[in-house]
Amino acid sequence: MTEISAPTNFIVDAVEEDLASGRFNVVHTRFPPEPNGYLHIGHAKAIAINFGIARQFGGKTNLRYDDTNPVKEDIEYVDAIKKDIHWLGFDWEDREYYASDYFDQLYQWAIQLIQQGDAYVDDLSADEIRAYRGTLTEPGKNSPFRERSIQENLDLFNRMRAGEFPDGSRVLRAKIDMSSGNINMRDPVMYRILHANHHRTGDTWSIYPMYDFAHGQSDSLEGVTHSLCDLAYEAHRPLYDWFIEKLDIFHPRQIEFSRLKLSYTILSKRFLKMLVEGSHVNGWDDPRMPTLVGMRRRGYTPEAVLTFIDKAGVAKNESVADISLLEFCVRDHLNKIAPRVMGIINPLKLIIDNYPEGLVEELEAINNPEDESAGTRMVPFSKVLYIEKEDFMEEPPRKYFRLSPGQEVRLRYGYYVKCTGFIKDEQGQVVEVHCTYDPETRGGYSSDGRKVKGTIHWVSAQHALDAEVRIYDRLFNREDPDMVEDGETFLDNLNPLSLLVLTHCKVEPSLVNTKSGDHFQFERQGYFCTDLDSTPGHLVFNQTVGLRDSWSKMNK
RNA sequence: UGGGGGUUCGUCUAAUGGUAGGACAGCUGACUCUGGAUCAGCCAGUAGAGGUUCGAGUCCUCUACCCCCAGCCA
């Protein structure tokens, strides 16, 4: 069975069962980011699953900001998040919601629970609550305030809302079971007092609901059928269900899947923040960052990211996806769409001694051998060229197919040239290579059937454009950067060579009008994209990912 | 030692009691005006021990190991 089929996994199975059993007759999901940071590839998985499941079943997906904690959240992230979701190719149409839109309803529901005897105001301090909660192995104790009258609870809760009490002085708790094996059920806090300005509700509220008292009800209000979240919330599901049942409102189903982890990468928001604030990278959109802004700037395409997520699969096993799978997906997509171009990263002058001085020929080059519709372009050729430093060796090892004294190679789309000599500086560095060309091989073919092993890329020195090229390597040296020796942190696993900036690289003149975000394959080198910093007067390219290189592998 | 999850090639993931399959990685080879791409092939797995069954990765029992939960974070 090698046919392409719609993705199937345990969530798809569960949704199908729900539809078949009549538990639900539509599929409605949501993506619920907290606006407190930039989205990364782990979020992309959640986005792909939530939007993907809905799409697969003809349903809808809401965007809902989980903005119940004003001290951590900021409007700055709201727009960035929308941009990233759109970049991935998903759309929530007019369904842009905020948990804060439901603060009034949530407040009413809290009152309902108080009236039902299912919630109470607790005057214990945070420390006391922690002490009363018990431990993983010992049950908790009831708070002395647990049996207050409904009237007193109503009065106190109302005054909490009115702002009469200082932060931290009281909370509203659900009255469940202090001896539950599930610590989340030991009278969890529903509301805390926070005299903080909220990015949407301003100073309207001095109490804010906790995640557990907001998320499920928000789902319910929106008619979400399947609330798909990561494994961390598995232990919260009984509480999710408890609130919904006590409130007797529409009951969505929460299903948990394992979050995405990537080798050689960290995805914890806190750590990512440390990288940015500690200037270990140049911002959230640094091309080395696993953020979606970073990957976009690096030149990863949304198609590649989505294909990767799809190939990595959806399950409950906690797993670490191999970053080489991501790189494979990026190469695979870019191979199909990226125009080929010639660029020299480390230039070395090549002089064709028998080529006429002053002559310039325009040679035809194929834009993309994988896509005939991409057509061809003309590339100028002249007596003095630049080639890649590593394409010449004075004393070549076995199986080296490039230039070396006496050897003949093909200049891509150009001529066959034979190396006749080279010049070194005082340090012994080769600074200039000389050769002769065979005028009969124009375009790169010889009429006599003579074969050359190697083909190298080049640019005409007088026509070349200067460029800055930024080469990236893995940000961390270890597969699991979190694994550290005593006294170390993940920062000790940073790869000091993760960024290499090269200036005075030489690229072909067709790149003169490139715009930020353009993708290219620099032939024989890798995929590159034009950086945000690039201007017509100062071209800047990011290496997205290198080409597979069986030669360098052979030499390891 | 409480509660909740998990364990299939190096990695990720299928197999829903009936031939353990795919992808990435790795390794061969073919082809090639990119040492790219493509093509062909190879390598390699059911955590352990019992049991049920004609037949077990799948069901049962026990064991081991890993992850999550003790925020007035989400």
Side-chain angles (χ1 to χ4, degrees), chain A residues 1-2 8-9 13 32-34 36 66-69 71-73 122 124-126 129-131 133-140 167-173 179-186 188-194 207-208 210-212 214-215 229-238 256 258 263 269 308 311-329 331-332 335-336 340 342 365-366 369-370 399-402 409-414 416 443-445 452-457 479 521-526 546-554:
Chain A
M1 200 98 63
T2 53
T8 184
N9 55 53
D13 293 345
E34 184 186 17
N36 71 341
D66 230 325
D67 56 351
T68 56
N69 186 358
V71 306
K72 286 199 174 178
E73 294 144 10
D122 196 346
L124 254 27
S125 69
I129 286 182
R130 185 179 315 120
R133 186 152 33 221
T135 68
L136 294 178
T137 52
E138 304 159 51
D167 286 5
S169 57
R170 279 175 237 264
V171 291
L172 182 71
R173 293 229 251 170
S179 64
S180 171
N182 181 347
I183 289 183
N184 298 120
M185 299 299 270
R186 320 242 260 231
V189 172
M190 295 162 57
Y191 269 94
R192 73 286 218 187
I193 300 172
L194 243 34
I207 55 172
Y208 290 92
M210 297 287 290
Y211 165 86
D212 286 307
H215 201 92
C229 59
D230 84 70
L231 255 26
Y233 297 98
E234 209 156 20
H236 291 249
R237 178 155 30 93
E256 312 84 12
S258 74
S263 60
K269 245 183 219 181
F308 162 71
K311 282 179 183 286
V314 178
K316 296 191 74 156
N317 307 337
E318 301 195 36
S319 54
V320 183
D322 198 329
I323 191 148
S324 64
L325 178 60
L326 209 209
E327 292 172 343
F328 166 82
C329 294
R331 285 191 194 100
D332 193 49
N335 177 46
K336 294 180 186 109
R340 271 58 169 174
M342 290 195 282
I366 294 166
E370 304 291 322
K399 296 206 174 173
Y400 184 81
F401 303 148
R402 288 108 103 146
V409 300
R410 172 167 38 231
L411 294 174
R412 178 135 238 230
Y413 303 122
Y416 286 12
Y445 299 94
V452 290
K453 268 296 220 222
T455 298
I456 65 175
H457 60 283
E479 245 182 81
Q521 184 198 101
F522 285 10
E523 293 215 25
R524 302 206 308 132
Q525 302 283 168
L547 247 28
R548 274 190 68 221
D549 185 354
S550 49
W551 165 246
S552 73
K553 204 179 283 176
M554 204 159 104

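All values reported here derive from a predicted model rather than from experimental measurement. In what follows, every chain begins at residue 1, and chains take the letters A, B, ... in the order their sequences are listed.
With ring centers used as reference points, A/Y211 lies under 6.0 Å from A/Y233.
Here A/A315 lies in heavy-atom contact (under 4.0 Å) with sugar-phosphate atoms only. As judged by a 4.0 angstrom heavy-atom cut-off over every strand, A/R412 is placed among the base-contacting residues. At a threshold of 4.0 angstrom between heavy atoms, the contacts of A/T137 include nucleobase atoms, whether or not backbone atoms are also involved. A/Y191 comes within contact range of no nucleotide atom at all, as no heavy-atom separation falls under 4.0 Å. Residue contacts for A/H215: at a heavy-atom cut-off of 4.0 Å it reaches no nucleic acid atom on any strand shown. If you check every strand for non-hydrogen atoms under 4.0 Å, A/M185 touches nothing. Across all strands, A/V71 comes closer than 4.0 Å to no nucleic acid atom at all (heavy-atom distances). Within 4.0 Å of A/E138, counting heavy atoms only, lies no atom of the nucleic acid at all. Among the heavy atoms of the strands lying under 4.0 Å from A/V171 is at least one base atom, whether or not backbone atoms are also near. When heavy atoms are screened at a 4.0 angstrom cut-off, A/R130 is found touching the sugar-phosphate backbone but no base atom. In this structure, A/Y400 reaches the bases: a heavy-atom distance under 4.0 Å links it to at least one base atom across the strands shown. Residue A/V320 is classed as a sugar-phosphate contact, given heavy-atom separations below 4.0 Å to backbone atoms only. Heavy atoms of A/E234 sit under 4.0 angstrom from primed sugar atoms or phosphate atoms, though from no base atom. Across all strands, A/R340 comes closer than 4.0 Å to base atoms (heavy-atom distances).
Taking atom C1' in both B/A30 and B/C24, one finds a spacing of 22 Å when rounded to whole Å. B/C66 and B/U61 have their P atoms separated by 23 Å, with the value rounded to a whole Å. B/G48 and B/C65 have their P atoms separated by 15 Å, with the value rounded to a whole Å. Of the P atoms belonging to B/U63 and B/U46, the separation is 23 Å, rounded to the nearest Å. Separating the C1' atom of B/U34 from that of B/G18 is a span of 49 Å, rounded to the nearest Å.
Among B/A74, B/G36, B/C12, the nucleotide with an atom closest to any side-chain atom of A/E370 is B/G36. Candidate nucleotides B/C72, B/U13, B/G36 were compared by shortest atom distance to the side chain of A/R192, and B/C72 ranks first. You'll find that the side chain of A/K316 is closest to B/G6, out of B/C24, B/G6, B/G26.
The side chain of A/S258 contributes no N or O atom lying less than 4.0 Å from OP1 or OP2 of B/G5.
A/E327 places its CD atom 14 Å from the C1' atom of B/U11, with the value rounded to the nearest Å.
A/H457 and A/R412 share no side-chain donor-acceptor pair at under 3.5 Å.
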